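Here is the structure we will look at, set down as structure tokens.
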Amino acid sequence: NAGVTQTPKFQVLKTGQSMTLQCAQDMNHEYMSWYRQDPGMGLRLIHYSVGAGITDQGEVPNGYNVSRSTTEDFPLRLLSAAPSQTSVYFCASSGSGDYNYNEQFFGPGTRLTVL
Amino acid sequence: DAKTTQPPSMDCAEGRAANLPCNHSTISGNEYVYWYRQIHSQGPQYIIHGLKNNETNEMASLIITEDRKSSTLILPHATLRDTAVYYCIVENYGQNFVFGPGTRLSVLP
């Protein structure tokens, strides 16, 4: 299993540009989420999905869109990049089942700089 | 805001036990305590979780006080590779985490 993969690893954008951060998992996990991490801070939840076709907002959703058309993929779209979105972005996934906890697996991150 | 409070940093000698405290005085009855760590700039890694009983796995032990208002993560024999930021998180389904700044553990040779 590749686990959680993210592309690209690094990206530089100019203010106003749009782009999509890709996230994929091969563990058949129902739950997927996106976090951002600013320097010296903990991770903050942007959007999450509990299954294909279902998404919801987290703590800091403004400026980002998500969709979940398949179980495997959960792309994060920046609509019009701003310098405040310079951050490291982590995707995570976990399964679901009859028991009420599943370990979250995090991807390696995408380091985004907006000039 | 995070529901937990942790010291910003701690040092530990290599080979000794590292005891990382966490306060979660507002924890509710159905919320679990989770510990994750982040080594350098990698994605966070799961360590352990518990509800009210003490838990142990191959990585660490988790001691939760009887009133559940605080807990301690114990790394029994810390190595240099355990140097990381450790996050204590309280949540009921293990999904939509609220991360605080965590504790930066430095294991010293």
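Bear in mind the structure is a predicted one, so any value in this text is a computation, not a measurement. Below, chains carry the letters A, B, ... as their sequence lines are ordered, and counting in each starts from 1.
One hydrophobic cluster holds both L45(A) and I54(A) under the rule that ILVMFWY side chains link at heavy-atom gaps under 4.5 Å. Both M10(B) and Y86(B) belong to a single network of hydrophobic side chains, linked directly or stepwise wherever heavy atoms of I, L, V, M, F, W or Y lie under 4.5 Å apart. By the rule that hydrophobic residues join a cluster once side-chain heavy atoms approach within less than 4.5 Å of another member, L13(A) and V60(A) end up as members of one cluster. There is a path of hydrophobic side-chain contacts, each under 4.5 Å, that joins M59(B) to V107(B). Cluster annotation: V33(B) is not connected to I63(B) through the hydrophobic network of ILVMFWY side chains, with a link wherever side-chain heavy atoms come within less than 4.5 Å.
Of residues 106-115 of chain A, those residues with a non-hydrogen atom less than 4.5 Å from any non-hydrogen atom of chain B are, in numerical order, F106(A), G107(A), P108(A), R111(A). Inspection of non-hydrogen atoms places no residue of residues 16-28 of chain B under 4.5 Å from chain A.
Interface remark: Q37(A) contributes side-chain atoms only to the contact with chain B (heavy atom separation under 4.5 Å). Proximity to chain A is limited to the side chain of Q38(B), based on heavy atoms less than 4.5 angstrom apart.
Contact of the Q42(B) side chain with the F90(A) side chain is not registered, since no non-hydrogen atoms from C-beta on lie closer than 4.5 Å. Side-chain contact check for F99(B) versus M41(A): every heavy-atom pair is 4.5 Å or farther apart. Taking the side chain as every heavy atom from C-beta outward, S41(B) and V88(A) never approach each other to under 4.5 Å.
Side chains of N96(B) and Y31(A): a donor-acceptor N/O pair is present below 3.5 angstrom, by distance only.
Residues meeting the salt bridge (charged side-chain N to carboxylate O under 4.0 Å, His left out) test with E31(B), sequence neighbours left out: K3(B).
Across all non-hydrogen atoms, the minimal contact from Q95(B) to G95(A) is NE2-O, 4.4 Å. The two residues L43(A) and Y87(B) have their closest heavy-atom pair at CD1-OH, 4.3 Å. In terms of heavy atoms, F97(B) sits closest to Y35(A) at N-OH, 3.1 Å.
With ring centers used as reference points, F105(A) lies 6.0 Å or more from Y46(B).
For residues 39-49 of chain A, the side chain to side chain donor-acceptor pair (under 3.5 Å) pairs, not counting sequence neighbours, are D38(A)-R44(A), Y48(A)-D56(A), S49(A)-R68(A).
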What's the verdict on side-chain contact (heavy atoms from CB on, under 4.5 Å) for E103(A) and H49(B), showing C-alpha distance, side-chain angles and the deciding distance? CA-CA 9 Å; E103(A) 174 186 347; H49(B) 77 285; over 6 Å; no

